[in-house]
Amino acid sequence: SETVESYTAFIDSVVPYMRDARYIRMNGKPVLTIYRPSFIPECASTIAAWREHCVKAGIGDIYLIGVKEHTWDANLLELGFDAQSEFHPGTIFRHCVDISSQISYMQDFGGIVMDYRDIVEQKKYFLYNYPKLHRAAMPMWDNSARRDNKGMIFEGASPELYERWLADILVEARSREDLEDHYIFINA
């Protein structure tokens, strides 16, 4: 089908990049991170086909990281991913404190304002956990410019709080024994 062909075309298109010596690798395997795995039809068979394609292309096995989605709680490891990663603010959203009513606005604002300081001071990023999970941090968040004044803003972000979040997840990453290497992700 056209969808299968498009996913085959995709993996074929990234093979030249994976051949490059500068490409990011996990224990020698080229890393491929998939945002929104729920969008991949027949995800498990597509992933298996990607692996087979890369082996036939001389790349060898690849290291696939599936990005966790807050609206789709599938077991990504069972689907064939080697590991998982967070993607904020989605994966931390349910633990955040809504402070929208405490903010004075210069114009009408139809979005939501969350408390960044609370996330870090309460270490809420550790409330979300799965096997083989690569952590993520966000230095700040404000997507209102692209959400027509209905976005999400994290109030109170600072370099100091971001440093604490980052330090916390770096320490945890080094202690995790279920991961092949200690990568973390930054979502800006």
Side-chain angles (χ1 to χ4, degrees), residues 1-96 111-112 114 124-138 141-148 150-152 154 169 173 176 178-188:
S1 76
E2 186 175 304
T3 304
V4 171
E5 288 170 6
S6 68
Y7 280 91
T8 302
F10 163 73
I11 198 65
D12 196 44
S13 74
V14 297
V15 162
Y17 302 107
M18 291 180 176
R19 284 195 173 109
D20 192 299
R22 297 167 295 178
Y23 194 89
I24 296 172
R25 297 176 186 281
M26 186 90 66
N27 286 342
K29 301 173 189 173
V31 174
L32 186 59
T33 300
I34 305 300
Y35 179 67
R36 296 220 172 142
S38 64
F39 285 19
I40 301 175
E42 302 174 33
C43 191
S45 59
T46 298
I47 286 172
W50 283 353
R51 290 186 188 281
E52 184 180 336
H53 185 86
C54 288
V55 168
K56 286 180 180 174
I59 299 297
D61 195 12
I62 55 177
Y63 190 86
L64 285 168
I65 301 172
V67 177
K68 292 295 288 180
E69 300 173 62
H70 70 283
T71 57
W72 191 61
D73 200 27
N75 186 325
L76 299 181
L77 302 177
E78 286 181 2
L79 289 173
F81 288 94
D82 296 296
Q84 312 177 82
S85 75
E86 296 179 305
F87 190 87
H88 298 307
T91 46
I92 200 168
F93 179 79
R94 73 179 84 165
H95 302 296
C96 295
I112 187 170
M114 302 295 217
K124 289 188 171 176
Y125 30 84
F126 290 134
L127 295 175
Y128 187 90
N129 200 13
Y130 285 88
K132 296 189 173 187
L133 182 71
H134 291 280
R135 293 277 179 198
M138 60 180 191
W141 187 267
D142 180 349
N143 65 358
S144 56
R146 61 187 171 91
R147 297 288 177 162
D148 193 23
K150 292 184 171 82
M152 183 184 303
F154 280 79
I169 66 172
R176 287 190 82 119
D178 61 343
L179 294 171
E180 291 187 40
D181 209 336
H182 309 300
Y183 285 92
I184 60 162
F185 290 85
I186 309 299
N187 187 16

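No hydrogens, no waters, no symmetry mates; every other heavy atom, side chains included, goes into these values. No experiment lies behind these values; they were computed from the predicted model shown.
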>> Keeping T46 on the side-chain end and P41 on the backbone end, is there a donor-acceptor pair under 3.5 Å?
In response: yes
> Hey, does L32 have a side-chain heavy atom less than 4.5 Å from the side chain of I11?
Replying inline: yes
>> Treating E86 as the side-chain partner and A136 as the backbone partner, does any N or O pair qualify as donor plus acceptor under 3.5 Å?
In response: yes
>> As an exercise, state the distance from NZ of K68 to OG of S38, rounded to the nearest 0.5 Å.
In response: 11.0 Å
> Rounded to the nearest 0.5 Å, how far apart are OH of Y63 and CD1 of I24?
Replying inline: 13.0 Å
>> If I compare all heavy atoms of S13 with all of Y17, which pair ends up nearest, and what's the gap?
In response: O-CE1, 3.4 Å
> Quick one: does P89's side chain get under 4.5 Å of M114's, heavy atoms only?
Replying inline: no
> Is R135 close to N129 at the side-chain level, that is, under 4.5 Å between some pair of heavy atoms?
Replying inline: yes
>> Minimum heavy-atom separation for N27 and E180, please, with both atom names.
In response: ND2-OE1, 3.1 Å
> Taking side chain as C-beta onward, heavy atoms only, is Y130 less than 4.5 Å from L77?
Replying inline: no
> Which word best sums up how the rings of H134 and F185 line up, parallel for under 30°, tilted for 30 to 60°, or perpendicular for over 60°?
Replying inline: perpendicular
> At their closest point, which heavy atom of G80 faces which heavy atom of I47, and how far apart are they?
Replying inline: O-CG2, 3.7 Å
>> Please check: side-chain N/O of W72 versus main-chain N/O of R36, any donor-acceptor pairing under 3.5 Å?
In response: no
> Once you round to the nearest 0.5 Å, how far does CE of M138 lie from CZ of F154?
Replying inline: 4.0 Å
>> If you count every heavy atom of other residues, nucleotides or ligands that lies below 6.0 Å from Y23 atom OH, does the total exceed 12?
In response: yes
> Residues in salt bridge (Lys or Arg N to Asp or Glu O under 4.0 Å) with D148, at least two apart?
Replying inline: none
> For A74 and L79, which heavy atoms make the closest approach, and how far apart are they?
Replying inline: CB-CD1, 4.2 Å
> Closest approach of R147 and N143, non-hydrogen atoms and distance?
Replying inline: CG-O, 3.1 Å
>> Nearest 0.5 angstrom please: D142 CG to M152 CE, how far?
In response: 11.0 Å
>> Once salt bridge (Lys or Arg N to Asp or Glu O under 4.0 Å) is applied, what residue pairs with a partner in residues 10-20 remain, sequence neighbours excluded?
In response: D20-R22
> How many angstroms lie between CG in L133 and OH in Y128, if you round to the nearest 0.5 Å?
Replying inline: 6.5 Å
> Does the side chain of D82 come within less than 4.5 Å of K132's, by heavy atoms?
Replying inline: no
>> If I take atom CG from residue L64 and atom SG from residue C54, how far apart are they, to the nearest 0.5 angstrom?
In response: 8.0 Å
> Hey, are R25 and D181 close enough for a salt bridge, meaning a charged N less than 4.0 Å from a carboxylate O?
Replying inline: no
>> If I compare all heavy atoms of G66 with all of P37, which pair ends up nearest, and what's the gap?
In response: CA-CG, 4.2 Å
> For Y183, what residues pass the ring-ring contact (aromatic ring centres under 6.0 Å, His included) criterion, not counting sequence neighbours?
Replying inline: none
>> Could you check whether any side-chain heavy atom of W50 comes within less than 4.5 Å of a side-chain heavy atom of I40, counting everything from C-beta outward?
In response: yes
> Near L127 CG, under 6.0 Å, is it more than 12 heavy atoms from other residues, nucleotides or ligands?
Replying inline: yes
